[in-house]
Amino acid sequence: MLENYEKFKKDVFALTTIDLNAYKEKQMRRRINTLIAKNKLDDYDAYIKLIKQDKEKFEQFVNFLTINVSEFYRNPEQWKYLDKEVFPELIRLFGKKLKIWSAACSTGDEPYSLVMALSNHVPLSNIRIIATDIDKQVLDKARMGLYSEKSIAAVPPEFKKKYFTQVGNSYKISDEIKKCVEFKEHNLLKDAYPKDINLIVCRNVVIYFTEEAKDEIYRKFHASLRKDGMLFIGSTEQIMNYKELNFKRKQSFFFQKE
């Protein structure tokens, strides 16, 4: 067992502003120890020294820390509900130019899915999505827009045909979809949240945080939304205290700001 994890957490924060105290320690420590062993080092201090000196190793560390499991239209039933119920209600309440935030967007599968789903209701020229993540590397991948066949498996066939071009064994998303999304670096635990949002999508990320950090994030999401705005969370997540946070549950994974 590597020693002095407390000092390591402080060193990481000084270097990256990522606060490891907000993550479940056992799980995070195991991931970091694996990475240190992979770099053939014996202790935390040596690893900090390495990532300070080597930009590539630093990027590898941030990429490894962040959980990047993503795919288009993940949990299709929830996307069906978004398409049939949520978008029509939000358009009725706020008009056709919705302000949407895809938080912890990973490699872009989710914000691009949102653009395609919303295009059933409004023209692409009306769609602008803010997509944020803490990890620069995944944001670069998102901007590139190149995906595996497995990643796009759940995309509706008409969208697959219309918006993807095969490049070797991969699939490239069209520029007209890309144009609708603005990618930015953002730390959910530290940075200011955007305001007056109509829909926030943040799925299967908050599970990695402590209960205190989760609560803080959900409170900030509430403040970020306009009244009657909607929060769409992941199928691995629950908000047990949603009433206390002034949300109304619309359906299992959809919460409306009261």
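Note that the structure is a prediction, hence the values are computed from the model and not measured.
Considering CD of E149 and NZ of K160, their distance stands at 7.5 Å, rounded to 0.5 Å.
Contact check for D191 versus T132: no side-chain heavy atoms found under the 4.5 Å cut-off. Side-chain contact between F13 and N21 is absent, with no heavy-atom pair separated by less than 4.5 Å. Between I32 and L35, every side-chain heavy-atom pair lies at or beyond the 4.5 Å cut-off. Contact of the E185 side chain with the K136 side chain is registered, since non-hydrogen atoms from C-beta on lie closer than 4.5 Å. The closest side-chain heavy-atom distance from F87 to I100 is below 4.5 Å. In this structure, the side chains of I197 and I130 come closer than 4.5 Å at one or more pairs of heavy atoms. Looking at L188 and C202, their side chains come closer than 4.5 Å, going by heavy atoms from C-beta outward.
S106 approaches D133 most closely through the heavy-atom pair N-OD2, 2.8 Å. Taking all atoms of both residues into account, the shortest heavy-atom contact from I127 to S119 is CD1-N, 3.8 Å. Minimum interatomic distance between A117 and D83 (heavy atoms only, all atoms of both residues): O-OD1, 3.8 Å. Closest heavy-atom contact between F94 and L98: CB-CD2, 3.8 Å.
Residues L15 and I36 fall within the same hydrophobic cluster, defined by Ile, Leu, Val, Met, Phe, Trp and Tyr side chains chained together at heavy-atom separations under 4.5 Å. Hydrophobic clustering of Ile, Leu, Val, Met, Phe, Trp and Tyr side chains at less than 4.5 Å, counting indirect connections, keeps F183 apart from L146. By the rule that hydrophobic residues join a cluster once side-chain heavy atoms approach within less than 4.5 Å of another member, L114 and Y193 end up as members of one cluster. Both M144 and V167 are part of a single hydrophobic cluster, where members link through side-chain heavy atoms under 4.5 Å apart.
Proximity of a side-chain donor or acceptor of S113 to a complementary backbone N or O of Y73 within less than 3.5 Å is detected. Between the side chain of K99 and the main chain of K195, a donor-acceptor pair closer than 3.5 Å is present. Between the side chain of Y147 and the backbone N or O of E71 there is no donor-acceptor pair closer than 3.5 Å. Distance alone, capped at 3.5 Å, places no donor-acceptor pair between the Q251 side chain and the Y81 backbone. Proximity of a side-chain donor or acceptor of K57 to a complementary backbone N or O of L50 within less than 3.5 Å is not detected. Distance alone, capped at 3.5 Å, is enough to place a donor-acceptor pair between the H186 side chain and the A192 backbone.
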| field | K250 and E85: CA distance, side-chain angles, deciding distance, salt bridge (charged side-chain N to carboxylate O under 4.0 Å, His left out) verdict | value | CA-CA 10 Å; K250 294 287 285 183; E85 304 292 334; over 6 Å; no
| message | What verdict does the salt bridge (charged side-chain N to carboxylate O under 4.0 Å, His left out) test give for K9 and E6, after you've listed the backbone C-alpha separation in whole Å, the side-chain angles of each residue and the deciding distance to 0.1 Å? | response | CA-CA 5 Å; K9 286 191 289 188; E6 288 305 311; 3.1 Å; yes
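Between F247 and F253, the distance from one ring center to the other does not fall under 6.0 angstrom. Checked against a 6.0 Å centroid threshold, the rings of F254 and F232 count as neighbours. Ring-centre distance between F255 and F221: not below the 6.0 Å cut-off.
Salt-bridge check for K80 with E77: passed, with a basic side-chain N closer than 4.0 Å to an acidic carboxylate O. Under a 4.0 Å N-O distance rule, the pair K214/E211 qualifies as a salt bridge. Electrostatic pairing of D140 and R143 counts as a salt bridge here, judged by a charged N lying under 4.0 Å from a carboxylate O. One finds no salt bridge joining K49 and D45 here, because no Lys/Arg side-chain nitrogen approaches an Asp/Glu carboxylate oxygen to under 4.0 Å. A salt bridge links E244 with R219; the closest basic N to acidic carboxylate O contact falls under 4.0 Å.
Put simply, the residue from F159, W79, F164 that forms a ring pair (Phe, Tyr, Trp, His ring centres under 6.0 Å) with F72 is F164.
The aromatic rings of F8 and Y47 lie tilted to each other, with the angle between the two planes from 30° to 60°.
Evaluation of the side-chain hydrogen bond (donor to acceptor under 3.5 Å, both in side chains) rule for K178 yields no partner, not counting sequence neighbours.
Residue Q238 qualifies as open at atom CD: its count of foreign heavy atoms under 6.0 Å is 12 or below. No more than 12 heavy-atom neighbours from other residues, nucleotides or ligands sit within 6.0 angstrom of CD on E56.
For the residue pair D215 and N241, a side-chain donor N or O sits within less than 3.5 Å of a side-chain acceptor on the partner.
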